[in-house]
Amino acid sequence: MNAVMNADLHCHSNVSDGTLSPEDVAERASRNGVELWSLTDHDEVGGQHRAHAAAAALGMAYLPGVEVSVSFANKTVHIVGLGFDPDDPAILQGLADTRGGRERRARDMAADLARVGIPNAFEGALKYVGNPDLISRTHFARYLVEIGVCGDPHEVFKRYLTEGKPGFVEHRWANLSDAVKWIVGAGGVAVVAHPGRYDFTPNEEYALFSEFKGHGGQGVEVVTGSHTVAEYSKYADLACEFDLLASRGSDFHDPSESHTDLGTLPNLPGRVTPVWEALAPRVLHP
Ligand code: AMP
Ligand code: MN
Ligand code: MN
Ligand code: MN
């Protein structure tokens with residue numbers, strides 16, 4: 001694996017809260033020049049075999065991927081898993097358990113939205129769901145845009161569905177230790193997704209990375225669609241300080257909603273070690 005290559009190791013299909021099929025995400029990644037791709041749907045590996053087959057047909061190298069929802073310090077943290085065996089029974093069971101509370105949570109979210117005058121949001125969100133096991137806030141956001149409550153999904157997350165706002169429901173996701181264990185146990189590398197998004201204090205962030213490493217986590221996203229240019233630099237420094245591998249991924253969900261397209265981010269800063277160097281033996285070549 002080259003130190004500099006167009007790797008996109010974070011994006012979503014309609015198997016979770018993206019809008020394109022795994023095949024269409026593969027096709028878009030390939031068209032945009034991606035050389036190494038991973039589909040990382042939320043809490044679900046149901047699209048992995050389709051993604052791999054589509055990548056192979058397009059001549060694109062592939063790494064199995066997932067983005068696991070974790071509760072840490074009263075916040076939701078996302079852990080990306082790369083290069084694991086998507087048929088490993090322990091990760092399949094762990095992800096099934098993690099997905100399990102989503103329908104209940106969605107019904108509670110809808111009840112809360114009904115209290116502020118937005119009825120039938122559960123049924124509305126469901127129209128956007130590709131995988132009934134994976135109803136997410138993104139699907140509610142699309143419905144709230146459809147009915148004109150907000151102009152775009154970002155505005156929805158500012159006014160609704162986030163802590164302290166109507167439609168937010170506290171939820172307990174996987175433990176950090178379990179998420180890392182499932183990924184590492186299935187032969188993969190665990191990566192802290194978009195650390196710049198969590199609004200942690202410096203102490204909380206230090207605790208996250210110390211515990212993550214202690215559990216066997218090895219990587220951090222440095223260049224992601226969720227980071228500013230200043231954050232690329234901040235998290236490259238953190239990768240060096242914590243001796244973590246650096247990852248790169250757009251977090252693409254949809255052609256019109258996502259501000260970062262597949263394969264269009266800048267390269268990783270030269271001082272970090274790319275996660276794909278450690279993952280070379282796990283890459284599935286076409
Ligand atoms: P959930 O897993 O149901 O809590 O939904 C989380 C998803 O909501 C994330 O993966 C994003 O796709 C989306 N999301 C969260 N915050 C925002 C935001 N501020 N703007 C747009 N999408 C967001
Ligand atoms: Mn998402
Ligand atoms: Mn995420
Ligand atoms: Mn994501």
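Count residues from 1 along the sequence. Bear in mind the structure is a predicted one, so any value in this text is a computation, not a measurement. Each ligand, and each atom within it, is numbered from 1 in the order the structure gives.
Protein heavy atom in closest approach to atom 20 (N) of ligand 1: His154 ND1, 3.0 Å. The nearest heavy-atom contact from the protein to atom 9 (C) of ligand 1 is Asp17 OD2, 4.0 Å. Nearest to atom 14 (N) of ligand 1 among the protein's heavy atoms is Phe157 CZ, 3.3 Å.
In this structure, Arg104 places its CZ atom where only 12 or fewer heavy-atom neighbours from other residues, nucleotides or ligands lie under 6.0 Å away.
Aromatic rings from Phe252 and His12 are positioned such that their centres are separated by 6.0 Å or more. Taking the centre of each ring, Tyr206 and Phe242 come in below the 6.0 Å mark.
If you count the protein N, O or S atoms nearer to the Mn ion (ligand 3) than 2.8 Å, you get 3.
For Thr273, the side-chain hydrogen bond (donor to acceptor under 3.5 Å, both in side chains) test picks out no residue, with sequence neighbours left out.
Of the polar atoms of Ser69, none of the N or O atoms is found under 3.5 Å from an N or O of ligand 1, judged by distance alone.
By the 6.0 Å and 45° rule, Arg107 stacks over the aromatic ring of Phe122.
Here the rule is side chain to side chain donor-acceptor pair (under 3.5 Å) with Ser13, and of Asp24, Thr40, Asp41 only Asp41 fits it. Screening His78, His259, Arg197, His194 against Ser226 for a side chain to side chain donor-acceptor pair (under 3.5 Å) leaves a single residue, Arg197.
When the heavy-atom distances from atom 2 (O) of ligand 1 to Arg137, Glu67, Arg102 are ranked, the shortest goes to Arg102. When His259, Arg105, His42 are ranked by how near their heavy atoms come to atom 10 (O) of ligand 1, first place goes to His42.
Atom numbering of ligand 1 starts at 1 in the shown order; those under 4.0 Å from a heavy atom of Ser136 are 3 (O).
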